[in-house]
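Below, chains carry the letters A, B, ... as their sequence lines are ordered, and counting in each starts from 1. Because the structure is a prediction, the values reported are computed rather than measured.
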Number of protein chains: 2
Amino acid sequence: MSDLLERLRGRGWRMTAQRRVVAEVLDGDHVHLTADEVHARAVAKLPEISRATVYNTLGELVSLGEVLEVATDKRAKRYDPNAHSPHHHLVCAQCGAIKDVHPGGNPLADLPDSERFGFTVSGVEVTYRGVCPNCATA
Amino acid sequence: MSDLLERLRGRGWRMTAQRRVVAEVLDGDHVHLTADEVHARAVAKLPEISRATVYNTLGELVSLGEVLEVATDKRAKRYDPNAHSPHHHLVCAQCGAIKDVHPGGNPLADLPDSERFGFTVSGVEVTYRGVCPNCATA
DNA sequence: ATCCTACAATAGACAATGTCTAAGTCAAGG
DNA sequence: CCTTGACTTAGACATTGTCTATTGTAGGAT
């Protein structure tokens, strides 16, 4: 299953039970978990894992570029394990559900130099807002 | 100065000293303040204003569509008084500075039906990430 | 002008999320 | 098998946001 673990080991990551569990949680289903949800799932596999470790590990994975932080709402960061396939997000304004989407077009190209204010622009995030079919009928 | 206050009064908003101060803070300079920064500036004009009132008032202004919430980082919501001119944001990854930008293109049109998953898509936010000239030289 | 009443403001407790520290533990190389 | 430095832990702390019960007040009614 996990080439994620392989990649991490290859980069000299010290492998511990806690880190393996966090990596497995993220590698499991490709949903967008909050830090607390990751912690909850990690505790299910390894009851004595602490909150600080989960936060630390998530931060390290982000630094390594293995997962992405998503700031779709303002409540909590979410972590997106699908870092190796560029994509954007479609968020339900009511229930908060998040879908990955792959729009056409290239937003980076749409930003002319005159609108860059001297910034070195390195990336772009696109967040579509709407209402999901579930919430629309409710 | 403030047609903002006029608009609000016209909508039957009950005008109080506190609400006027919050509106004035937002109407003042078109930067992107956090709730706490709004509170700090409001206190400077009206020392006895409470934190809850600032949060309430900001929430009401958002509901009325007079200001926008921006979730560029995960620390705190920011409030954008420039709600009447559609625009996107360019954020410095280091210092957090935010600039309004007006890219070409239409991201909404770039999202095909096949990528909408039955959602009723109502809006889109585009956040460019980069490093500002200031931080680049430092 | 004053009075009423519903709506707004207040202080402060509470909640949610994230960060830090000091001390103990352990993976991995020698 | 030992050593060492990186990792983990528990829990205090910090920040941001929300809620409640009480007090105050804007604006219409008299």
Side-chain angles (χ1 to χ4, degrees), chain A residues 5-6 8-25 32-64 66-80 96, chain B residues 5-6 8-26 32-64 66-80 96 98:
Chain A
L5 287 178
E6 287 311 311
L8 294 172
R9 195 186 291 276
R11 295 208 207 182
W13 224 42
R14 187 158 150 190
M15 190 50 57
T16 67
Q18 291 82 356
R19 288 178 169 184
R20 181 166 38 248
V21 164
V22 170
E24 282 172 5
V25 166
H32 304 77
L33 300 169
T34 64
D36 252 23
E37 287 165 350
V38 172
H39 179 233
R41 297 191 183 204
V43 164
K45 298 181 177 223
L46 187 72
E48 65 275 25
I49 195 170
S50 86
R51 216 155 54 92
T53 298
V54 172
Y55 277 95
N56 288 342
T57 305
L58 286 172
E60 287 157 16
L61 288 169
V62 170
S63 299
L64 292 170
E66 293 292 344
V67 306
L68 295 176
E69 279 182 5
V70 189
T72 52
D73 71 12
K74 34 276 148 191
R75 295 276 291 173
K77 297 181 202 175
R78 290 179 176 275
Y79 292 89
D80 186 339
Chain B
L5 287 177
E6 288 311 310
L8 294 172
R9 194 185 292 276
R11 295 209 207 180
W13 223 44
R14 188 158 147 188
M15 189 51 57
T16 67
Q18 292 81 356
R19 288 178 169 184
R20 182 166 37 248
V21 165
V22 171
E24 282 172 5
V25 166
L26 289 172
H32 305 77
L33 300 169
T34 64
D36 253 22
E37 286 164 351
V38 173
H39 179 232
R41 297 191 183 202
V43 164
K45 298 181 176 224
L46 187 72
E48 65 275 25
I49 195 170
S50 86
R51 216 154 54 91
T53 298
V54 172
Y55 277 95
N56 287 342
T57 305
L58 286 171
E60 286 158 17
L61 288 170
V62 170
S63 298
L64 291 170
E66 293 293 342
V67 306
L68 295 176
E69 280 183 4
V70 189
T72 52
D73 71 11
K74 33 274 146 194
R75 294 276 292 175
K77 297 181 201 174
R78 290 180 176 274
Y79 291 89
D80 186 339
I98 303 177

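- Inter-residue side-chain proximity for B/Thr16 and B/Thr53 is flagged as unmet; no heavy-atom pair is nearer than 4.5 Å.
- Within the 4.5 Å cutoff, side-chain heavy atoms of B/Arg78 are placed close to those of B/Ile98.
- Atom NE2 of residue B/His39 and atom CG of residue B/Leu33 lie 13.5 Å apart, to the nearest 0.5 angstrom.
- On the nucleic acid side, DNA chain C has its first and last nucleotide under 4.0 Å of a heavy atom of chain B at C/dA6 to C/dA13, going 5' to 3'.
- For the pair B/Arg78 CZ and D/dT16 C1', the interatomic distance rounds to 13 Å; values are reported in whole Å.
- Taking A/Ala76 as the reference, A/Thr34 meet the side-chain contact (heavy atoms from CB on, under 4.5 Å) condition, with sequence neighbours excluded.
- Near-neighbour residues of DNA chain C inside residues 50-58 of chain B, defined by a heavy atom below 4.0 Å, number-ordered: B/Ser50, B/Arg51, B/Ala52, B/Thr53.
- Inter-residue side-chain proximity for A/Tyr79 and A/Leu61 is flagged as unmet; no heavy-atom pair is nearer than 4.5 Å.
- Axis deviation across the helix from C/dA1-D/dT30 to C/dG30-D/dC1 amounts to 20°, comparing end segments of five pairs, rounded to 10 degrees.
- As a whole-Å value, the separation of B/His39 NE2 from D/dT18 P is 15 Å.
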key: Summary of protein contacts for nucleotides 25-30 of chain D, nucleotide by nucleotide, where a base hit scores B, a sugar-phosphate-only hit scores S (4.0 Å, heavy atoms)   = BBS---
request  = Test B/Gln18 against B/Thr57 for side-chain contact (heavy atoms from CB on, under 4.5 Å), laying out the working first.
outcome  = CA-CA 9 Å; B/Gln18 292 81 356; B/Thr57 305; 5.7 Å; no
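- Side-chain contact between B/Leu26 and B/Leu58 is present, with heavy atoms from C-beta onward closer than 4.5 Å.
- Within the 4.5 Å cutoff, the side chain of A/Ile49 has heavy atoms near those of the A/Val22 side chain.
- To the nearest 0.5 Å, the span separating CE on B/Met15 from CZ on B/Arg9 amounts to 5.0 Å.
- For the pair B/Glu37 CD and D/dT16 P, the computed distance is 9 Å after rounding to whole Å.
- Put simply, the side chain of A/Arg20 does not reach to within 4.5 Å of the side chain of A/Leu46, judged on heavy atoms.
- A straight line from CG of B/Asp36 to C1' of D/dT18 spans 14 Å, rounded to a whole angstrom.
- One distance of note links CG of B/Leu64 with CZ of B/Arg11; it measures 5.0 Å at 0.5 Å rounding.
- Counting to the nearest Å, the P atom of D/dT9 and the CZ atom of A/Arg19 are 11 Å from each other.
- Applying the salt bridge (Lys or Arg N to Asp or Glu O under 4.0 Å) test to residues at least two apart or on different chains, the pairs with a partner in residues 48-63 of chain B are B/Arg19-B/Glu60.
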